[in-house]
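Position 1 is the first residue of the sequence, and the numbers go up from there.
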Amino acid sequence: MHSFWSEVLANRALWAAGIAVLVAQILKVFWVLLVERRLWLRMFIEAGGMPSSHAAMVSALAASVGIQAGWDSHLFAVAAIFAAVVMYDAAGVRRAAGQQAEVLNKIIDDFYKGRPIRFERLKELLGHSPTEVLAGALLGIGLAFWF
């Protein structure tokens, strides 16, 4: 069992992916501070925002696998396709769900304007813009090469 944990903790691809997520989440807090001029620490644990931590994680994983196993390896092919699916989902499906939540929230605001009734708003920041996904992917790849 000791060997298992030693090997897991020595896995550079896991470290690269984990560090990429952590750095991306930290950068989100600073991005909100820079763009919106407010300190929103909850952004550290939220989905969505700039840069995409999903894109950073899977691109760091794929790049790290490519560096270690070779760019022509089957393992890199699997990691690259996995990264592409995750990034497509982040920019496509989850983005559309966020836009729908935004429309529903506007309908609720318009319908109940001026009334004391308060409904829980839907989460709007679910997905990413293509720019956010690209920024996360570049962050992940850069961290994989650095690591």
Side-chain angles (χ1 to χ4, degrees), residues 1-111 119-147:
M1 190 60 109
H2 174 69
S3 175
F4 169 78
W5 287 111
S6 299
E7 290 177 19
V8 168
L9 293 174
N11 188 315
R12 295 176 73 80
L14 282 178
W15 278 103
I19 289 171
V21 167
L22 186 63
V23 170
Q25 290 300 115
I26 290 168
L27 287 174
K28 286 180 186 187
V29 173
F30 287 106
W31 181 259
V32 170
L33 186 60
L34 178 71
V35 173
E36 298 181 18
R37 303 275 191 249
R38 67 179 174 130
L39 182 60
W40 189 18
L41 294 177
R42 188 168 170 86
M43 198 63 196
F44 181 73
I45 59 169
E46 292 282 328
M50 175 67 130
S52 166
S53 58
H54 289 88
M57 177 178 60
V58 296
S59 62
L61 175 65
S64 185
V65 168
I67 292 165
Q68 293 177 58
W71 301 103
D72 63 345
S73 70
H74 291 89
L75 191 55
F76 171 69
V78 170
I81 296 299
F82 172 72
V85 168
V86 169
M87 290 189 285
Y88 174 81
D89 179 69
V93 177
R94 289 180 48 236
R95 180 73 175 166
Q99 290 169 334
Q100 290 173 8
E102 190 176 350
V103 169
L104 288 172
N105 286 334
K106 182 165 179 12
I107 291 169
I108 289 170
D109 288 346
D110 290 347
F111 188 74
F119 288 91
E120 183 178 332
R121 294 182 55 85
L122 299 172
K123 183 172 173 52
E124 294 177 11
L125 192 58
L126 295 173
H128 296 283
S129 68
T131 303
E132 293 169 346
V133 172
L134 179 63
L138 293 175
L139 172 66
I141 292 167
L143 284 170
F145 276 99
W146 173 77
F147 196 4

Reported [atom1]-to-[atom2] distance for the pair [X] and [Y], which is rounded to 0.5 angstrom:
X      : Y      : atom1 : atom2 : value
Leu143 : Leu138 : CG    : CG    : 11.0 Å
Leu134 : Met50  : CG    : CE    : 8.0 Å
Leu61  : Trp15  : CG    : CH2   : 15.0 Å
Arg12  : Ile19  : CZ    : CD1   : 9.5 Å

Any idea how Trp71 and Phe76 line up, ring-wise: parallel (<30°), tilted (30 to 60°), or perpendicular (>60°)?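 Trp71 and Phe76: perpendicular rings.
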For Ile26, does the CD1 atom sit with more than 12 other heavy atoms under 6.0 Å from it, leaving out its own atoms?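 Enclosed: over 12 neighbouring heavy atoms sit under 6.0 Å from CD1 of Ile26.
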Quick one, Val23 and Leu27 - any side-chain contact, counting heavy atoms below 4.5 Å?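 Heavy-atom side-chain distance check passes, below 4.5 Å.
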State, with a plain yes or no, whether a side-chain heavy atom of Gln68 is found less than 4.5 Å away from one of Leu75.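 No - every pair of side-chain heavy atoms lies 4.5 Å or more apart.
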Can you sort out the partners of Arg37 under salt bridge (Lys or Arg N to Asp or Glu O under 4.0 Å), two or more places apart, ordered by chain and number?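 Checked Arg37 against salt bridge (Lys or Arg N to Asp or Glu O under 4.0 Å); zero matches.
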Nearest heavy-atom neighbours spanning [X] and [Y]:
X      : Y      : result
Ala24  : Ala56  : CB-CB, 4.0 Å
Ser59  : Ala55  : OG-O, 2.6 Å
Pro51  : Gly136 : CB-N, 3.8 Å
Gly140 : Ala20  : CA-CB, 4.2 Å

Under 3.5 Å donor-acceptor, Glu46 side chain and Gln25 backbone: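 Side chain of Glu46 to backbone of Gln25, a donor-acceptor pair under 3.5 Å: no, none is there.
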side-chain hydrogen bond (donor to acceptor under 3.5 Å, both in side chains) with Ser52: which residues, sequence neighbours excluded?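 So Ser52 forms a side-chain hydrogen bond (donor to acceptor under 3.5 Å, both in side chains) with His128.
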Under the salt bridge (Lys or Arg N to Asp or Glu O under 4.0 Å) definition, can you give me all pairs with a residue in residues 21-36, not counting sequence neighbours?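 For residues 21-36, and leaving out neighbouring residues, the salt bridge (Lys or Arg N to Asp or Glu O under 4.0 Å) pairs sorted by first residue read Glu36-Arg38.
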Go through Leu14 and Leu9 one step at a time and tell me if the side chain to side chain contact (heavy atoms under 4.5 Å, CB included) criterion holds. CA-CA 8 Å; Leu14 282 178; Leu9 293 174; over 6 Å; no
